[in-house]
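Below is one structure, written out as structure tokens, with a few remarks after it.
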Amino acid sequence: MDVQQGSPSEEPIADLARRLVAASSGGWTPDGVRALAAELGWAWNDTSDGPVLVTGRSSGDARLRPVGRFEEPYVDGEAYVELAVPVATAGPDAAAQAAAFRAAKNAVTRALGDPSVIGSHGDMGPFYDSGPLWGAPFLRWRGRPDTLELRAGMSGPELVLQPTDPAENWFWRQGVGEEHSLSGFFGSNRAPANAGLGLPGGWTARSWETLTQSLGSFLETLPAEAAALDISFGMSIYGPPSIGGTILFDVLCSDRLSIGCHAPEGFDLAALGWGTVVQHPATAFIWSDDDPVWRVDAGGPGEPKGQALAEMLVATARAVGASDPAELALGGEAEFVSIYQIKYYGLGLPTF
């Protein structure tokens, strides 16, 4: 696993995080941001891709994101919406990227305490950006007027200083109820920093095709994101009225993704792709040998085949009598993860 966090003489991530939180952004105006660069001791370099601040870090220089057409509707006088500082690099595989993110998370948490917000941007980050294919986890230390975010970058984790309002305004205004209007998941705790935090409405899948896509995207990156964030997920998906609305699937994920099926007897689940503990011995550490009988071990970071898993779950739901995706629901207990309450915006399922 190739993870590069800099030489011993390089400023530790924790110290950089403290400096960014303490720095003044000057309202993110052109003059304010130039003063911010000077305060941080970084040289300003204009490039064809926008301003770059020369940090001297082995992981790369910092990038400023100017307000453009995608950002303009959500700002109020800011000329820039973020300063992103790469803090480590890692190999391209999901396990290496997740490990690098987790190491950075541990360092920043020791310096600043627990983040007030955790989540995944999914395939649609702030202002419609796309993130890394392995996953898009983030942590936020929310503040006023600025917020510090630890974000998965394309080569490794990045510390991102940003004005609080624009990104939150963007997020809030995506909650329009249209399919795929939001992706990923978003969790907040009861920290005073979250006072006034608004959460957008979600959306639900209106077709089996949409649900297959949303389930596939969610499951494919879940082990890597769980490993990066150092959290575990326990989710129950309830079935249609044809089986009494009882639990149909259990989705459990920490370092590996395991899915169990509680379909009534009489269905040929093996033909749909399900196995038993014999085919998936790693699940014996999660469930007993016969409860549930049918299960799958989907693997660790980078290993789940999201599309195939989603197709299997959807085919199973339809086989037991579900006539519409609206007949499936996520159990509300899934929303409570550690000290956070999480909304699964990209999943496309109602919660009860």
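Below, each value reflects all heavy atoms present in this structure, side chains not excepted, and no hydrogens, waters or symmetry copies.
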Arg65 and Asp49: CA distance, side-chain angles, deciding distance, salt bridge (charged side-chain N to carboxylate O under 4.0 Å, His left out) verdict: CA-CA 9 Å; Arg65 179 167 182 161; Asp49 295 325; over 6 Å; no
Where at least one partner belongs to residues 284-320, residue pairs that pass ring-ring contact (aromatic ring centres under 6.0 Å, His included), sequence neighbours excluded: none
Residue pairs involving residues 178-207 (criterion ring-ring contact (aromatic ring centres under 6.0 Å, His included); sequence neighbours excluded): Phe171-Phe186, His180-Trp203, Phe185-Phe233
Salt bridge present between [X] and [Y] (N-O < 4.0 angstrom):
X: Lys305; Y: Glu220; result: no
X: Glu168; Y: Arg140; result: no
X: Arg142; Y: Glu149; result: no
X: Asp46; Y: Arg34; result: yes

Test item: Leu313 and Thr212 side chains (from C-beta on) under 4.5 Å apart, heavy atoms: no
Beyond-backbone contact of His121 with Pro126, side-chain heavy atoms, under 4.5 angstrom: yes
Would you say [X]'s side chain and [Y]'s backbone share a donor-acceptor pair under 3.5 angstrom?
X: Asn194; Y: Ser116; answer: yes
X: Thr147; Y: Arg144; answer: no
X: Glu78; Y: Pro163; answer: no

Cut-off 3.5 Å, side chains only: do [X] and [Y] have a donor facing an acceptor?
X: Thr283; Y: Arg295; result: yes
X: Glu179; Y: Thr210; result: yes
X: Ser217; Y: Gln213; result: no

Gap between atom [atom2] of [Y] and atom [atom1] of [X] - 0.5 Å precision:
X: Ile118; Y: Tyr340; atom1: CD1; atom2: OH; value: 5.5 Å
X: Thr351; Y: Ile237; atom1: OG1; atom2: CD1; value: 10.0 Å
X: Lys105; Y: Ile13; atom1: NZ; atom2: CD1; value: 13.5 Å
X: Thr55; Y: Glu11; atom1: OG1; atom2: CD; value: 9.5 Å

Worked check of salt bridge (charged side-chain N to carboxylate O under 4.0 Å, His left out) between Glu335 and Lys343: CA-CA 6 Å; Glu335 292 191 340; Lys343 301 291 186 183; 3.5 Å; yes
Residue list, side-chain contact (heavy atoms from CB on, under 4.5 Å) with Leu272, at least two apart or on another chain: Leu269, Trp274, Ala315, Thr316, Ala319
By side-chain contact (heavy atoms from CB on, under 4.5 Å) - contacts of Ala84 (at least two apart): Arg63, Glu82, Glu158, Val160
Qualifying residues under side chain to side chain donor-acceptor pair (under 3.5 Å), relative to Asp290, sequence neighbours excluded: Ser288
Glu39 atom CD, neighbour heavy-atom count above 12 within 6.0 Å: yes
For Phe352, the rest of its hydrophobic cluster, which grows through side-chain links under 4.5 angstrom: Tyr238, Ile247
